[in-house]
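Notes follow the structure.
For this chain, numbers begin at 1 and follow the sequence in order. Note that the structure is predicted; figures quoted are calculated from it, not measured.
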Amino acid sequence: ARIEAESAQRATAGLDPLLGRLSEGNAALSQEVNAIADQLQGLDSAQARVAQLIERIDADYADGRETVESDELTGELGAVLIEQRRALPDLLSMARGREQRHAQIAESNVKRLRYRAEARRIADLDARVTALESELQQPPTPRLRERLRDLVEQRQKLVGDALEAHELYLSKQRELEASEDQLLAATAEYEDFLIENLLWLRSEAPTGIDDLLALPAEVSAMLGAADLRGLADTALRQLAHSPVFWLTLVFAVVLRWRRRRLLEWIEIIAKRVGKPTTDHFGLTLVTLGLTLLIAAPLPLVMAVSGLHLMLLDPSTELSRAVGDSLLRMAKIVYTLLVLEAICLPRGLAVVHFRWPESNISLLRSNLAWLIWLFPTAGLAAHLTIDLDPAAIGGTPARLLLVPLYASLVWFLFRLFHPRRGVLARLRDSNSYPLLMRTYWLWYSLLLLLPTAFAFLGLAGYMYTVASEVIMFHNTLWLMLGMV
């Protein structure tokens, strides 16, 4: 059909414009039919891939359930199941693909409707030719009539081919959608099984002397596989030519340069607080905005740099890992810097919130060292996990959990100490009786949980730590925000 349409298009060159338009329409429809034929081959391949995935996931699920239920477990089972979970299809990507498929199905339905209507209009060949003759700009010679009739006949055939192609296309799309429904169900069921059981299984063997002796070689291999030169090239290329990065850097430098001026504004506002004629809630909001700006320079540069390394192509595996780690740590650094800025003299905590001076001094003195130690250890641990996801960071990540959570435990121990912490006054005043009666319970849990994370990591339960630590951190930030 394509060859016939192209031949007819050449044959109508120089003839009546109507014939040219009809010929071009036939050629376009012929190309559409050929394109659908190519898409049908792709749908067949996709259907075969989905069927293979379903078969593989069902087999992995059956083997995994049989192994777990046998109670004959080894230290390597967790690592095997983690690898199988990593090999599962990405449900988010599949959902996006289904949205695209729905749009394609809708478009094909519209085209099928249009071609069905056209097929009915041109079903009577003689009537259609007669109707088109009235649109000819040249006298209807026998040659023109013959050419016109050929084009209409060709259109009838092409419309029939297009309808058949769209029917088959829709049928295969729906078959693929049904198979993907089975794949989604199988993936979700197996993932639920893995999530339920991986928390109780070691992902690695416990850390021992041999691991410590092999640490330099492991770190060297990790960095060697990470392509440091590729990171430097990507960072220079992406950041140096990014207007957003340079604007962010300039803005951060200006904020740092004007820090003293921002502090002066906070001081000026503080003088108006507490006076009936000048005090209002807007002063607190302005001070909050100034406080957020004071804490912003470093986290802002970290976040923008991380986003550039993560999202802008081309990027290496290391650049994506560094970008993801920078972005995550930027949130933590910003939270801690905001807390520090809140405790500034004449700042929110002193003037607006009227926190006790002892609490402010305690929080300020402990934040001074936590701001740098905790994010640095967290950045290094997160980076090692991103560089070696198969081993969840290996020995380096497990060892980095020790300074990470040791610093956090010491900070929480001092901040919430029953006699010298920020809640000591509440204990003396008998305020919040339920909170105070359960003080030793939640205070002990607050210290034991991060300690347990460090020991679980050393014991090889890195998947458990990686899964549960996010919820703990979210709860911790909420508690710090309530201080």
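- Applying the salt bridge (Lys or Arg N to Asp or Glu O under 4.0 Å) test to pairs two or more places apart or on separate chains, those with a residue in residues 328-340 are D324-R328.
- In this structure, a donor-acceptor pair under 3.5 Å is absent between the side chains of E175 and Q47.
- Under the 30°/60° scheme for interplanar angles, the aromatic rings of H417 and F413 are found to stand perpendicular.
- Partners of R437 by salt bridge (Lys or Arg N to Asp or Glu O under 4.0 Å), not counting sequence neighbours: none found.
- Atom CG of L449 is separated from atom CG of L408 by 10.5 Å, given to the nearest 0.5 angstrom.
- Scored by the side chain to side chain donor-acceptor pair (under 3.5 Å) test, E177 finds H102 as partners (sequence neighbours excluded).
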Original post:
Do T67 and L81 pass the side chain to side chain contact (heavy atoms under 4.5 Å, CB included) test, and can you show the C-alpha distance, the side-chain angles, and the key distance before you say yes or no?
Top reply: CA-CA 11 Å; T67 304; L81 294 182; over 6 Å; no

**OP:** For side chain to side chain contact (heavy atoms under 4.5 Å, CB included), just list the numbers for N109 and L113, CA-CA rounded to whole Å, side-chain angles, deciding distance to a tenth of an Å, and then say yes or no.
**Re:** CA-CA 6 Å; N109 271 320; L113 181 64; over 6 Å; no

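- Within the 4.5 Å cutoff, side-chain heavy atoms of I269 are placed close to those of H352.
- Annotation: salt bridge (Lys or Arg N to Asp or Glu O under 4.0 Å) contacts involving residues 346-358, sequence neighbours excluded, comprise E267-R346.
- Rounding to the nearest 0.5 Å places CZ of F251 at 14.5 Å from CZ of R256.
- Taking every heavy atom of both residues into account, V333 and L298 meet most closely at CG1-CD2, 4.3 Å.
- Pairs of residues two or more places apart, or lying in two chains, that qualify as salt bridge (Lys or Arg N to Asp or Glu O under 4.0 Å) and include a residue from residues 43-58 are D44-K172, R56-D60.
- With sequence neighbours excluded, no residue satisfies ring-ring contact (aromatic ring centres under 6.0 Å, His included) with F245.
- When each of T395, L401, L399 is paired with L458, the side-chain contact (heavy atoms from CB on, under 4.5 Å) condition holds for L399 and for no other.
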**OP:** Apply side chain to side chain contact (heavy atoms under 4.5 Å, CB included) to the pair R85 and Y190, showing each step before the final yes or no.
**Re:** CA-CA 8 Å; R85 188 187 180 194; Y190 188 32; over 6 Å; no

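- Formation of a donor-acceptor pair under 3.5 Å by the R414 side chain with backbone atoms of L362 is not found in this model.
- Closest approach of L336 to P375, counting heavy atoms only: CD1-CG, 4.1 Å.
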Subject >> CA sep, side-chain torsions, deciding dist, call: R260, E264, salt bridge (charged side-chain N to carboxylate O under 4.0 Å, His left out) >> reply: CA-CA 6 Å; R260 181 174 298 178; E264 291 175 356; 5.7 Å; no

**OP:** Evaluate the side chain to side chain contact (heavy atoms under 4.5 Å, CB included) criterion for residues Y169 and Q104: first the C-alpha distance (whole Å), next the side-chain angles of each, then the deciding distance (0.1 Å), finally the verdict.
**Re:** CA-CA 10 Å; Y169 176 79; Q104 293 169 353; 3.5 Å; yes

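- For A270 against V351, the heavy-atom pair with the smallest separation is CB-CG2, 3.8 Å.
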